[in-house]
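Reading through the structure tokens given below for one structure.
Values reported hereafter were calculated over all heavy atoms of this structure, with side chains retained and with hydrogens, waters and symmetry mates removed. Everything numeric here is computed off the predicted structure, so don't read it as measured data. Numbers restart at 1 for each chain; the letters A, B, ... are given by sequence-line order, proteins then strands.
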Amino acid sequence: MVPERELFAGKAVRAARRLIGMELVHRGQRVRIVETEAYVGPHDLACHASKGRTARTEVLWRGPGLAYVYLIYGMYNCLNVVTGPEGFASAVLIRAAEPLSPGLGDLSGPGKLCRALGIDRSFNGIDLCDPGAALHLELGPRRRVRIASGPRINVDYARHWAHKDYRFMEAGSPFGSRPRLPLRSRRT
DNA sequence: CCACGGATCAGCT
DNA sequence: GCTGATCCGTGGA
């Protein structure tokens, strides 16, 4: 079952927490999300929306539940879920997942996850809440997860925004990216 | 037109 | 811990 779009229509931090434990499905391959980062809006210097609306980032303004896929360092793709009320540009980066289908290999990083699932920029704008979409989300089995938080990775340029605890990970998961998060931990 | 830097990763030290 | 690979998006001239 796909998640309600409303789950992503609020603040990015809330969506980032809720995405932990959800599953991504592409061509019959299935993964379980264990790590996310929130990019909370145009005022967040680490959020691509802070640079203004461009052809690349336009999907961030189109509404919650859509995929924002961009190329980083010339060689890796990163998958995000657009969040917030329509017109408030924010998103959640999917950083790592646990493989549920055989043969997927290591998904412990945003670039690796996209490479393993074959996600590239042609998926930009796809509706992740549409069960018929080539790539979509599904609610996993309902289960309580402990979530640890810490600062986002590689956003040192974002001044005080770099220190905010906008990175979330299933506590103790061996499938997250490094560095691990022994930080704050709380049940949701 | 051109220069610069990045929401990464693998491979090394 | 550090570095290079690799190329698009952006901003300035």
Side-chain angles (χ1 to χ4, degrees), chain A residues 8 11-20 22 24 26 31 33-62 64-84 88-99 103-126 128 135 137 147-170 173-183:
Chain A
F8 308 115
K11 292 184 196 277
V13 164
R14 185 125 131 217
R17 286 182 166 279
R18 295 213 257 234
L19 276 161
I20 305 284
M22 283 194 203
L24 266 175
H26 176 227
V31 306
I33 297 167
V34 300
E35 185 180 336
T36 59
E37 279 177 2
Y39 290 83
V40 304
H43 53 298
D44 172 5
L45 292 181
C47 182
H48 288 180
S50 69
K51 307 257 173 51
R53 189 169 181 164
T54 66
R56 177 177 66 142
T57 60
E58 193 269 337
V59 68
L60 292 171
W61 278 264
R62 288 217 310 256
L66 304 183
Y68 169 47
V69 183
Y70 66 91
L71 183 72
I72 186 70
Y73 301 116
M75 38 172 95
Y76 298 106
N77 291 109
C78 290
L79 170 67
N80 298 249
V81 181
V82 176
T83 61
F88 185 79
S90 56
V92 174
L93 171 68
I94 309 300
R95 279 197 63 86
E98 170 182 351
L104 278 174
D106 184 13
L107 309 173
S108 63
K112 291 190 224 177
L113 179 117
C114 285
R115 190 178 52 193
L117 286 177
I119 297 169
D120 60 23
R121 281 169 303 150
S122 68
F123 289 76
N124 192 52
I126 217 169
L128 297 170
L135 174 69
L137 287 163
I147 294 181
S149 65
R152 296 173 292 187
I153 303 295
N154 285 343
V155 296
D156 299 345
Y157 60 87
R159 316 211 294 164
H160 70 281
W161 293 97
H163 309 306
K164 296 195 175 280
D165 286 351
Y166 285 166
R167 177 178 175 222
F168 304 97
M169 182 167 152
E170 178 176 23
S173 171
F175 300 103
S177 70
R178 299 192 343 150
R180 294 280 191 272
L181 285 172
L183 306 177

Open item on the list: From OH of A:Y68 over to P of C:dG9, roughly how many Å is that when rounded to an integer?
Closed with: 9 Å

TODO: Grab the CZ-C1' distance between A:R56 and C:dG9 for me, whole Å please.
DONE: 6 Å

Open item on the list: Using the side-chain heavy atoms of A:R115, tell me which of these nucleotides is nearest: B:dG6, B:dT8, B:dC9.
Closed with: B:dC9

Task: Residue A:R95, side-chain heavy atoms: nucleotide from C:dC8, B:dT8, B:dA10 that is nearest - done: B:dT8

Task: Contact check, side chains of A:V155 and A:L45, non-hydrogen atoms, under 4.5 Å - done: no

Open item on the list: Using the C1' atom as the point on both nucleotides, what is the distance between B:dG5 and C:dT3, in whole Å?
Closed with: 16 Å

- [ ] Starting from P on C:dC8, measure out to CG on A:D120 and report it in whole angstrom.
- [x] 13 Å

Task: Any A:S108 side-chain heavy atom under 4.5 Å of A:F175 side chain - done: no

Task: Residue-phosphate contact under 4.0 Å: A:K112 side-chain N/O, B:dA10 OP1/OP2 - done: yes

Open item on the list: For the base of B:dA7 and the side-chain ring of A:Y39, does the geometry meet a stacking cutoff of under 5.5 Å between centres and under 30° between planes?
Closed with: yes

TODO: Would you kindly give the CG-to-P distance between A:N154 and B:dT8, to the nearest whole Å?
DONE: 5 Å

- [ ] For A:R152, answer base if it contacts any base atom (sugar-phosphate contacts may also be present), sugar-phosphate if it contacts only those atoms, and nothing otherwise; contact means non-hydrogen atoms under 4.0 Å.
- [x] nothing

Open item on the list: Of the listed nucleotides (C:dC8, B:dG6, B:dT8), which one gets closest to any side-chain atom of A:Y76?
Closed with: B:dT8

Open item on the list: So, under a plain 3.5 Å distance rule, would you say the side chain of A:Y70 forms a donor-acceptor pair with the base of B:dA7?
Closed with: yes

Task: For C:dG4, the Watson-Crick or wobble counterpart (both distances under 3.5 Å) - done: B:dC9

Open item on the list: What's the closest nucleotide to the side chain of A:H48 if the choices are B:dA7, C:dT10, B:dC9?
Closed with: B:dA7

TODO: Tell me the partner of B:dA3, counting only Watson-Crick (N1-N3 plus N6-O4 or O6-N4) or G-U wobble (N1-O2 and O6-N3) with both under 3.5 Å; none if nothing fits.
DONE: C:dT10

- [ ] Take atom OH of A:Y157 and atom P of C:dG9, then tell me their distance rounded to the nearest Å.
- [x] 16 Å

Task: Length of the line joining A:N77:CG and B:dC9:C1', which is rounded to integer Å - done: 13 Å

Task: A:K51 NZ to C:dC8 P, straight-line distance once rounded to whole Å - done: 18 Å

- [ ] Identify whether any heavy atom of A:I72 sits under 4.0 Å from a base atom; if not, whether one sits that close to sugar-phosphate; answer base, sugar-phosphate or nothing.
- [x] sugar-phosphate

Open item on the list: In terms of relative ring orientation, are A:W161 and A:Y166 parallel, tilted or perpendicular, with 30° and 60° separating the classes?
Closed with: tilted

Open item on the list: Is it the case that the ring center of A:Y70 lies less than 6.0 angstrom away from the ring center of A:H48?
Closed with: yes

Open item on the list: Classify A:G111 by what it touches in the nucleic acid, base, sugar-phosphate, or nothing, heavy-atom distance under 4.0 Å.
Closed with: sugar-phosphate

Task: A:M75 side chain, from C-beta outward: closest of C:dG9, C:dA5, B:dT8 - done: C:dA5

Open item on the list: Using whole Å, what does the distance between atom P of nucleotide B:dA7 and atom CG of A:L45 come to?
Closed with: 12 Å

- [ ] Would you check, one step at a time, whether the test salt bridge (Lys or Arg N to Asp or Glu O under 4.0 Å) holds for A:E37 with A:R152?
- [x] CA-CA 6 Å; A:E37 279 177 2; A:R152 296 173 292 187; 5.5 Å; no

Open item on the list: Below the 4.0 Å mark, does B:dA7 have OP1 or OP2 next to a side-chain nitrogen or oxygen of A:Y166?
Closed with: no

Task: Under 4.0 angstrom between A:R121 side-chain N/O and C:dG9 OP1 or OP2 - done: yes

Task: Sub-4.5 Å side-chain heavy-atom contact between A:L93 and A:C78 - done: yes

